[in-house]
2 protein chains.
Amino acid sequence: MNSRFQAIFPVDRAPKEVLLGDSSKEALLGGSTPPSCTRTPCDLDAGQQLYAAGSTGQAWRITAGVIRLDHAGHDGENRFASLAIAGDIVGCETLLFGSYTFDATALTPCRLQPWPEGDTATSGDGLLESLAQAQKRAADLLALRGGQASARVLGLIRLLADRSGQVILPTGQDIADITDLRFETISRIISNLQREHLLSPLRIAGIHATRSYRLAPGAFA
Amino acid sequence: MNSRFQAIFPVDRAPKEVLLGDSSKEALLGGSTPPSCTRTPCDLDAGQQLYAAGSTGQAWRITAGVIRLDHAGHDGENRFASLAIAGDIVGCETLLFGSYTFDATALTPCRLQPWPEGDTATSGDGLLESLAQAQKRAADLLALRGGQASARVLGLIRLLADRSGQVILPTGQDIADITDLRFETISRIISNLQREHLLSPLRIAGIHATRSYRLAPGAFA
DNA sequence: CGAGCGATTGAACCAGGTCAAACGGGGTGG
DNA sequence: CCACCCCGTTTGACCTGGTTCAATCGCTCG
């Protein structure tokens, strides 16, 4: 099921070409959009690439998980450009330009829905809402790159946590890219947060689920 | 002429209420949109507020100048949220929510056009283009908060410069807010750039036009 | 002229970066 | 089953770019 859109591992930070399994190549790169495909939800594991900049495909609404968007800076290097979380729409520039502007990679396990959904028209309020959402998200991301290091990381964790306070964090390097800190710094900060009991590893059947945490109720403020 | 939308000076960084001249109050705050007003371009001086978060009004396309958008963080303080430059559209969330999400303040002298213009429909490509633009701008702004301080400031200057290399810079404090540096640091960096001849004060009739500079051709890369 | 504001410059300090070493856990191959 | 490797993580020690505090300057406006 969720192998339909799998990219080969490990995904390089600045992939020059995207390697795809045979079964997924047509679905991702083909100009045609098979109806059976475009209507089907899609699951991604952490680290998997959803699409590459310049390639062709459809737009997606994120149901669960976190997607990282990258694009090439004018020095040619691939840089973190944006974050998309549950509720956000990614890749809708493809409706205008015919191809994706960013690379999209899952930072945590993700679930996606094709967009626009069913009878919802592309024009009008759907787009407008998406635009307003994007502006809000951009402002939030900007805030994650200002102020004290620990506040930035905590801000990101808050952004990613669900209402119950559970979070699946991206890798240290990804958090570092988002906050413009070093992964060593991230590691120290996460350790501190645990020491202060603002963050606790989430145990499932006694064992620590990878990068899963619970945010202390007091840490939401 | 350009007194129509003037706010009282100096504009506080976190204005609780916007003070307006009598003639402008209705134009900015009135629920009704006088046709003669909505079709007329609008000019702003540096430091003037275009609109306040929560107030009612129309959307604008920026023809010239730089607008700063702020919104209240969850600590209540007003924080830099986004930048809008020539070609960008600001305040279009008002079409969806009925009121502005951000405070909008001119950082340099600005010229604005009501949006949408004339026969251009609100829906479809216009919005989509605006969305793509916003995403691109957001990524650029994020880049201005990462890496070495001098590279950030130079990046902002590049963003604000026209093709000929002329720039009108915002105040040191505004540059500091955008790049998340201190204004003393900005001052030192601008001084350095001048020492290295990457930036030269623009003289009009022999006198230095306030905050106007020319970016050296080599500094565009 | 004085008030007020932004810009400039200097000097001391510290948050976070850098470099380096070691750890741990999951996957692979023998 | 174990040995090994690969990677992300952790921790320590040192260094530095940018902050902080403070004093001064220069311009504009009343």
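Computed from a predicted structure; not experimentally measured. Proteins come first, then strands; the chains are lettered A, B, ... in the order of their sequence lines, and each starts at number 1.
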- [ ] Any chance you could measure A:Tyr213, atom OH, to A:Ile190, atom CD1, to the nearest 0.5 Å?
- [x] 6.0 Å
TODO: Measure the spacing between SG of A:Cys92 and CH2 of A:Trp60 and express it to the nearest 0.5 Å.
DONE: 14.0 Å
In whole Å, I'd like the distance from the [atom1] atom of [X] to the [atom2] atom of [N].
{"X": "A:Leu169", "N": "D:dT10", "atom1": "CG", "atom2": "P", "value": "11 Å"}
{"X": "B:Gln173", "N": "D:dT20", "atom1": "CD", "atom2": "P", "value": "12 Å"}
{"X": "B:Ile189", "N": "D:dT19", "atom1": "CD1", "atom2": "C1'", "value": "12 Å"}
{"X": "B:Ile190", "N": "C:dT8", "atom1": "CD1", "atom2": "P", "value": "8 Å"}
{"X": "A:Arg195", "N": "D:dT10", "atom1": "CZ", "atom2": "C1'", "value": "11 Å"}
{"X": "A:Arg182", "N": "D:dG12", "atom1": "CZ", "atom2": "P", "value": "21 Å"}
{"X": "B:Ile186", "N": "C:dT8", "atom1": "CD1", "atom2": "C1'", "value": "14 Å"}
{"X": "A:Leu181", "N": "D:dG17", "atom1": "CG", "atom2": "P", "value": "17 Å"}

Reckon [X] has a side-chain N or O less than 4.0 Å from the OP1 or OP2 of [N]?
{"X": "B:Ser187", "N": "C:dA7", "answer": "no"}
{"X": "B:Thr185", "N": "D:dT19", "answer": "yes"}
{"X": "B:Arg152", "N": "D:dG18", "answer": "no"}
{"X": "A:Ser191", "N": "D:dT11", "answer": "yes"}

- [ ] Please report the closest heavy-atom contact between A:Gly155 and A:Leu144, naming both atoms and the distance.
- [x] C-CD2, 3.5 Å
Task: A:Thr210 vs A:Ser150, nearer the 5' end of DNA chain C by closest nucleotide - done: A:Ser150
TODO: Side chain of B:Ala149 only, please: which of D:dT11, C:dT9, D:dG18 is the nearest?
DONE: D:dG18
Open item on the list: Any donor-acceptor pair, under 3.5 Å, between the side chain of A:Arg188 and the base of D:dG12, if you only look at N and O atoms?
Closed with: yes
TODO: Inspect the contact between B:Arg61 and B:Asp88 and indicate whether a charged nitrogen and a carboxylate oxygen are less than 4.0 angstrom apart.
DONE: no
Task: Short N-O contact, B:Arg68 and B:Asp177, less than 4.0 angstrom - done: yes
Open item on the list: Need one value for B:Gln148: base, sugar-phosphate or nothing, where a base atom within 4.0 Å counts as base even if backbone is also close, heavy atoms only.
Closed with: sugar-phosphate
